[in-house]
Each structure stands twice: as C-alpha cells, then as structure tokens.
Q: 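Take a look at the following structure, please.
In each ligand, atom 1 is the first atom listed, and ligand 1 is the first ligand listed. Each residue takes its place number in the sequence, starting with 1. These figures come from a predicted structure and were not determined experimentally.
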Amino acid sequence: MSDTKFTFDVIIVGSGAAGLGLALSMPSHLKIAILSKLSMHESSTYYAQGGISAVLDELDSTDSHKRDTIKAGAGLCHEDIVELVVSKGKASIDWLMEHKVQFSFDDNEHSDNKLHLTREGGHSHRRVVHADDSTGRAVQTALCDQVVGRANIKLFEHHNVIDLVCNTDRHTTKKSIAGCYVLDTKKDTIFSMRAPCVALATGGASKVYLYTSNPDVSTGDGIAMAWRAGCRVANMEFMQFHPTCLFHPQAKSFLLSEAIRGEGGLLLLPDGSRFMPNFDKRAELAPRDIVARAIDHEMKRLGVSSVFLDISHRTAKFTKSHFPMLYERCLAFGFDMTKDPLPVVPAAHYTCGGVMTDKQGLTDIDGLYAIGETAFTGLHGANRMASNSILECLVFAKQASEAITTFLEQSPKLSTIRPWDDSKVINSDEAIVVSHNWAELRQFMWDYVGIVRSTKRLQRAKNRISLLSKEIEDYYVNFHVTSDFLELRNLVQAAELIVDSALLRKESRGLHYTLDFPLLDDERFKKDTILTP
Ligand code: FAD
Ligand code: SIN
C-alpha cells in the first residue's frame, strides 16, 4: 500500500462520543478519516448507562451543576472549564436529539412531554438525561448512523493507530503534526496517513487494571501516543473506580448504574444493614470516590468478597421499566433485582487525567487535538462527577471543530511521512511474552495502585513497570507488531504515568488515597500533577 495514499484534512482517532461528535460538527467540504480499533460501535460510549448531565429542570441551575462538579472534584476543577461545560448541557442534548438520539421521556401525565431526568451521585438535583439504562447505546448507534451517511467521512474500522508522526521546526523546536502510522488489523499491514490535523479521541486507560467496567479498547493509546510525541500529561493519579459492578465470575465487572442508587437503591452489608450513612451524609449518593472507598473499607474490615446493592423495595414494574437492560442482564446471571440484593464490587471505570489541552482541545503540538476521556481539560479535578463525561466529549468536540476549521482556513502545509520500515524485524515466536506481561501488569496495578495506595506499593509497581518497559522496547525493535502488543505497550506507558503521578502527590485527595499521607494538604498540593516528557 502506498505510504501517502491516505491524505485527509482531519484524522480522528476514535469513534466514541468525542470522535463522532467532532466528525459530525465539521464542515462537510472537509475530508475526514475516522479510525477505530474494532468495529466503529465498540467504545466506552456504547456501554454508558446512567446518562448525560444537563440542567433542564426549572428548579435546577447551571450554578448548582457547577457547584456539584467542583465539590466532587475535591478542589482541583478548573472553574472556567466547568462553567464552559455545564453551560452547554442543554445545547448538547438538543444537538444529540437533532442527530436522532432517542432519550426517555417522563411518563408522568403532568410532565408535559418533558425528558425524564434521573439522579446520580454528587448531583444535588435530578439532571441526568438518559435512554432507559442504555444511554450509550442510543448515542453511539444514532451517531454512527449519521456518520455512515456523510460522503466526506471515510471510516477505517479495525485499524489501530501505532504512533503519531510530527515535524519539529528547526528554529523554534515547536512540533507540528504530520500524520500517523496505522496497523490494518484485518490485513496485517502497516501504512501511513497524512493530515495537518489529528484528533485523539481514544478514550481512557482503565484496562490497565485487572477489574474494569470498560471495554477492551480502553488501553490508554491516545495518552501514550501523545506522551511519546512530546505532549504534557496531567493528573493521571486520579483513576476512578465505579462502586457497583456485578460480582459474578462470568460478569466481567458488568456495571450496575449509579442511577439505581439515584432511584433509591441502597448499599447493604451481608447482614442486610446499611453502611453509607456512616461515611457521608449524602449516603449512597455521595460522589464515587467516597462510595468506592467505603465499600473497599467494609469488604476488607469484614473479609467479604462483595457488598450488596438493593432496589427490591421499589415495585417490580418501576424497576423493570427504568432498568430494562440491567434487569435482563442480571437475570441472565441468576439475580432477580426486583426481589434480591445484587452482589457488587468496585472496578476501574474512568481516567480523570490525560493529555493536556486548552479550551479548544489543542495539545502542546500544533495541529494535534485531544478530546473526550483521553484529554485532560480541567473539568473533573480529582474525581469526575457521574454523567459529566459524555457531556465533556460533546462540548470539546464542538470546541475543537471550531478551532480546527479556523486552523484549516490558513491552509497549513502537508508534510511527507517516511514509510514504515519493518525490513529488520521478524515474526515473534514468543507471543506468550505479550499475554504474560498483560496479565502481570493488570494484576499488580490492581494490587498496588488501586483504591488504597501506599508509597511502598507504588514503588513496587514502578520497579515492575520499568522491567516491562525494557522488555517491550526490545520486542518493539525486533518483532512485527500486533494489536495486542501495541495495546500492551500503551498500557505500560499509561501505568508508568499513573504511578509517577501518584508518587508525586504526597497527600490524599479525591480518587487518590494513600496510607502514607492520609490527609488533604492544600498548601502543597492544591494543584494539578503535570508530567512533561
Ligand atoms: P470511547 O467512547 O471509549 O471511544 C474510544 C474510541 O477510540 C474507540 O472507537 C476505540 O476503538 C478508539 N481507539 C482507541 N485507541 C485507538 C487506536 N490506537 N487506534 C484507533 N482507534 C483507537 N459517562 C457518562 O457521562 N454517563 C454515563 O452514563 C456513563 N456510563 C458509563 C458506563 C460504562 C460501562 C463505561 C465503561 C463508561 C461510562 N461512562 C459514562 C464514561 C463514558 O462512557 C466515557 O468516558 C466516554 O464515552 C468516552 O468517550 P470517548 O469518545 O472519549 O471514548
Ligand atoms: C453509571 O451509569 O453509573 C455510569 C455513569 C458515569 O460513569 O458517568
């Protein structure tokens, strides 16, 4: 395949809410590529359950949404970014509806055909717009349908972006984007793509942990690629654990939406008693860092393998109509949520840190943007509030689309890209190295860099990461790359950024809790952790 065959105005890496939102917001005369590692539907976006926060109720206000976000973020949210995002809640929902996303309406006869709003942790009002309990599926399928109909957008499914290619200005040393190298995983060929603009919309890095609510694609690729290319990365210590994933050997940490607690679900110990009121006055609706840590504490204190989420006090009709997908899935695992409490444990869920961007999604490299979960915008601070993520994806997709359109009007020049050279590599006869290292990494990240950390545990993880990094570098220069290998390489990079950031934060704040520094230290640490390559 010719190395320069694929030339675009914009290359969008990722087909979740951020990537599709950007593609659909760009003017139709621009030639756009969207790449996804698997099918275009497979993303965290597809699996989103609870919904999208937006101020729609007349008793609610953007000030209140802002206050709740900042409170959940434990002192590190950037107020200007919070303001920007929450002020665009309604416009984002309107945009999704214009793009044929079907949300749930309130079936109350007095509701006047209004969208139904549910509630989740940290929110002081009902402000979560949803499509039953499968909001992500509604968003993903509608936006995919729209993208497929656009003549200016070319889809590259089953294409794994390996690395970014940049140019460096000899005088200023400023970098600009030239394109990327891509592995076509079906044909097992590597080629380059060129564009004056690349947007990373690659999602988070939660697969770095053994137990995660995320799909397989969440391997921190955008964060690792941007870091290797020279971008700063911030706040990677703040990995969010969702408090309630189904505890069942076959369930693969299947998420049980926070909206269950929003609609009255209670967290119980094995003896049937509630424990959240002992930890926070908001009880089951406290922000996630607090609830996940409380569950972890109770499980360790009692030596039990799960706690329980109980909504059986609501009518079966209510539960089945609000949570139809969850009801069916739980039933398939042998649990009737209308009658029985569900065994739950926390699992890695969301990457609050990421590639540093400005208000337009621009990174440290000219022409390179990062949006959605892969980016660090300053919105989430030390802990993301529920249902603020898809909103952030959509707001920054729009922001970036405007900036990219302006940038392209200045006709930035296209660079040539050296062809991918694999003349000196051979096929690996040791695929076991990749699978072994995957398993090892995810296990020690879970054990040493999880909900409760200590300097000793972090240091242990750091030592192991440095051994893995050396093996990976060696493998990279000697063998043909595979998708599994590329993901491992990125996960190890993401793990290193998480551990290094966690070691720097010598206090406990939001999602970062360490036994060695259990208190908040505003004087020294009320600031972002910024790593520079
Ligand atoms: P994603 O949707 O994860 O998309 C990433 C895309 O990047 C994929 O297409 C992937 O193939 C592609 N990609 C990655 N690496 C590469 C590469 N190297 N080459 C090519 N393509 C690549 N948030 C909410 O706001 N509300 C919710 O109710 C909610 N519920 C959730 C429930 C679950 C189970 C999960 C996992 C998350 C939930 N979240 C929720 C979080 C939210 O879904 C995500 O943060 C958000 O959807 C991320 O969107 P994104 O576009 O940034 O990335
Ligand atoms: C959920 O439904 O609990 C997930 C919501 C989110 O992660 O924002």
Q: Can Thr135 be said to touch ligand 1, with heavy atoms closer than 4.0 Å?
A: no

Q: Is the Phe156-Phe6 ring centre distance short of 6.0 angstrom?
A: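 Yes; Phe6 has its ring centre under 6.0 Å from that of Phe156.
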
Q: Any N/O of Thr374 closer than 3.5 Å to an N/O of ligand 1?
A: no

Q: Can you tell me how far the CG atom of Asp310 sits from the CG atom of Leu267, to the nearest 0.5 Å?
A: 9.5 Å

Q: Between His480 and Tyr475, is the gap from one ring center to the other below 6.0 Å?
A: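 When the ring centroids of His480 and Tyr475 are compared, they turn out to be at least 6.0 Å apart.
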
Q: Within 45° of the axis and under 6.0 Å from the centre of the six-membered ring of Tyr47, does NZ or CZ of Arg137 qualify?
A: no

Q: Taking N or O atoms only and a 3.5 Å limit, does Tyr47 qualify as a polar contact for ligand 1?
A: no

Q: Among all protein heavy atoms in this structure, tell me which lies nearest to atom 52 (O) of ligand 1, with the distance rounded to 0.1 Å.
A: Glu373 N, 2.9 Å

Q: Is there a polar contact, in the sense of an N or O pair closer than 3.5 Å, between Ile390 and ligand 1?
A: yes

Q: Listing request: all side-chain hydrogen bond (donor to acceptor under 3.5 Å, both in side chains) pairs with a residue in residues 233-252, at least two apart in sequence or in separate chains.
A: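 Qualifying pairs, neighbours excluded: Asn235-Asp528, Glu237-Arg505, Glu237-Thr529, Gln240-Arg288, Gln240-Asn383, Gln240-Arg384.
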
Q: At less than 4.0 angstrom from any non-hydrogen atom of Gly50, what atoms of ligand 1 do you find?
A: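 So the answer, numbered in order with elements, is 28 (O).
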
Q: Quick one: list whatever passes side chain to side chain donor-acceptor pair (under 3.5 Å) with Ser206, sequence neighbours left out.
A: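 Partners of Ser206 by the side chain to side chain donor-acceptor pair (under 3.5 Å) criterion come out as none, since no residue qualifies.
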
Q: I'd like to know if Ser218 contacts ligand 1, where contact means a heavy-atom distance under 4.0 Å to any ligand atom.
A: no

Q: Check if Met40 has a non-hydrogen atom at a distance under 4.0 Å from any atom of ligand 1.
A: no

Q: Could you list the residues that satisfy side chain to side chain donor-acceptor pair (under 3.5 Å) with Thr363, not counting sequence neighbours?
A: none

Q: Compare Thr45, Asn490, Leu35 and give the one whose heavy atom is closest to atom 49 (O) of ligand 1.
A: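 Going through Thr45, Asn490, Leu35 one by one, Thr45 has the nearest heavy atom to atom 49 (O) of ligand 1.
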
Q: For ligand 2, what is the set of protein residues having any non-hydrogen atom at a distance below 4.0 Å?
A: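 Residues near ligand 2: Gln49, Gly50, Glu120, His242, Leu255, Ser257, Glu258, Arg288, His349, Arg384, Ala386, Ser387.
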
Q: Is Val217 in contact with ligand 1, taking contact as a heavy-atom separation below 4.0 Å?
A: yes

Q: Would a distance-only check, ignoring hydrogens and angles, find a side-chain to backbone donor-acceptor pair under 3.5 Å from Arg442 to Lys207?
A: yes

Q: Yes or no: does Glu258 have any heavy atom under 4.0 Å from an atom of ligand 1?
A: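 It does not; every heavy atom stays at 4.0 Å or beyond.
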
Q: Using heavy-atom distances, let me know which of Ser15, Gly51, Pro215, Ser43 sits nearest atom 26 (N) of ligand 1.
A: Gly51

Q: Any chance you could measure Asp133, atom CG, to Leu326, atom CG, to the nearest 0.5 Å?
A: 4.0 Å

Q: Does even one non-hydrogen atom of Ala201 get within less than 4.0 Å of ligand 1?
A: yes

Q: Heavy atom to atom 13 (N) of ligand 1, shortest distance: which of Asp221, Thr202, Asp216 holds it?
A: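 Result: the heavy atom closest to atom 13 (N) of ligand 1 is in Thr202.
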
